Amino acid sequence: MTPLSACLFDLDGVIVDTAKYHFIAWRQIARELGFVFTEKDNERLKGVSRTRSLEILLEIGGLALPAAEKVDLAAKKNALYLSYVRQMTPAEILPGADAFLMACRAAGYKTALATASRNAAVIIDLLKIAALFDVVVDGNKVTHTKPDPEVFLNCAKELGLAPDACVVFEDAEAGIEAAGAAGMLAVGIGDPGILNKADLVVPGLSELSLEQLRTAWNNKKNNTVAKP
Ligand code: B16
Ligand code: MG
């Protein structure tokens with residue numbers, strides 16, 4: 001059986017709740033465009049790139065806009081988003097995320113940050129979490145957005161490991177799909193109703209032990225259906 005060697009963490013929604021800032025910023029853009037954007041709609045934007053998010057938003061509003069206008073709207077959304085993000089402090093790290101990362105590292109697992117965000121460097125800096133990761137692959141380093149597995153495969157490559165030696169922690173449907181496509185164990189962080197393709201779902205990293213993780217790993221590798 002391939003041993004577990006690396007833990008790959010999504011950023012938004014797993015390490016920090018920036019999803020709420022993405023939502024507020026996109027909702028503002030939708031309002032200016034004349035339609036309502038709900039939290040349910042926002043689920044579709046989680047884990048996907050800024051450009052793809054805008055396409056989905058416009059689809060929800062039933063709008064087709066010229067390319068130049070789309071570039072402006074994406075820039076405007078990002079400026080709004082960053083105005084919230086720049087206020088963040090390490091106190092906004094999600095409960096248990098830093099402790100879980102440290103436990104993984106103490107257990108000898110490599111750790112990586114795997115995010116679609118192009119603002120990851122700013123967030124890492126504000127949260128002071130750079131030392132918790134061996135590798136960072138962000139939206140500036142990939143060409144295909146989740147559910148494409150590229151971001152996770154690049155992490156494995158940078159770590160010098162086979163994809164099937166990695167586990168992914170994700171809050172987005174698109175991210176769980178991407179982890180599966182990469183051949184990695186997928187741990188969902190959030191609602192099991194939404195993340196139903198994950199191998200295991202927990203409400204947050206504070207609710208997960210390394211023992212539970214290892215059980216899920218062994219179950220997957222032994223091809224058993226039972227989940228802890
Ligand atoms: P940015 P993750 C993703 O981050 C977000 O979930 C998604 O909602 C956002 O559109 C994407 O980053 C791009 O973010 O506009 O900052 O480049 O969940 O993959 O860490
Ligand atoms: Mg996420």
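Read the numbers this way: they start at 1 and go in the same order the structure lists the ligands and their atoms. Note that the structure is predicted; figures quoted are calculated from it, not measured.
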Among protein heavy atoms, which lies nearest [atom], and at what distance?
atom	value
atom 2 (P) of ligand 1	Asp10 OD1, 2.8 Å
atom 8 (O) of ligand 1	Leu45 O, 3.0 Å
atom 5 (C) of ligand 1	Asp12 OD2, 3.3 Å
atom 15 (O) of ligand 1	Arg50 NE, 2.8 Å
atom 12 (O) of ligand 1	Ser117 N, 3.4 Å

* Mind checking whether Lys146 contacts ligand 1 via backbone (N, CA, C, O), side chain (CB onward), both or neither, at a 4.0 Å heavy-atom cut-off? =>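 For Lys146, the contact with ligand 1 is made by the side chain alone.
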
Heavy-atom contacts with [X] under 4.0 Å: which atoms of ligand 1 show up? List them by number with element.
X	answer
Lys46	6 (O), 8 (O)
Val48	7 (C), 9 (C), 10 (O), 11 (C), 13 (C)
Asn119	1 (P), 15 (O), 16 (O)
Ser53	10 (O)
Leu11	20 (O)
Arg118	1 (P), 16 (O), 17 (O)

* Minimum-distance pair of heavy atoms, taken over all atoms of Ala74 and Arg50 ->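 Where Ala74 meets Arg50 most closely, the heavy atoms are O-CD, 3.9 Å.
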
Any side-chain donor-acceptor pair under 3.5 Å between [X] and [Y]?
X	Y	result
Thr215	Asn218	no
Arg105	Thr111	yes
His22	Asp12	yes

* Please list, chain by chain and in numerical order, all residues satisfying side chain to side chain contact (heavy atoms under 4.5 Å, CB included) with Thr2, sequence neighbours excluded. => Asp164, Ala165

* Is Gly47 in contact with ligand 1, taking contact as a heavy-atom separation below 4.0 Å? -> yes

* To do: If the plane angle is over 60° it's perpendicular, under 30° parallel, otherwise tilted; pick one for Tyr21 and Tyr84.
  =>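 Judged by the thresholds at 30° and 60°, the geometry between Tyr21 and Tyr84 is parallel.
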
* Would you call the rings of Phe9 and Phe100 parallel, tilted or perpendicular if under 30° counts as parallel and over 60° as perpendicular? -> perpendicular

In [X], the N, O or S atom nearest to the Mg ion (ligand 2) is which?
X	value
Asp12	O
Asp10	OD2
Asp171	OD1

* To do: Look up atom CG in Leu185 and atom CG in Leu4, then write down how far apart they are to the nearest 0.5 Å.
  =>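 Interatomic distance, Leu185 CG to Leu4 CG, rounded to 0.5 Å: 8.0 Å.
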
* Under 4.0 Å between a Lys/Arg side-chain N and an Asp/Glu carboxylate O for Lys197 and Glu177? -> yes

* Compute both the distance and the angle, then confirm whether Lys221 meets the cation-pi test with Trp217: under 6.0 Å from the six-membered ring centre, within 45 degrees of the axis. =>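 Relative to the ring axis of Trp217, which defines the angle, Lys221 lies inside both limits.
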
* CD/Glu39: more than 12 non-hydrogen atoms of other groups inside 6.0 Å ->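 No, the 6.0 Å shell around CD holds no more than 12 heavy atoms from other groups.
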
* Asked: Within the structure, does Ala114 bring an N/O atom to less than 3.5 angstrom of an N/O atom in ligand 1?
  ->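 No - when backbone and side-chain N and O of Ala114 are compared with those of ligand 1, no distance drops under 3.5 Å.
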
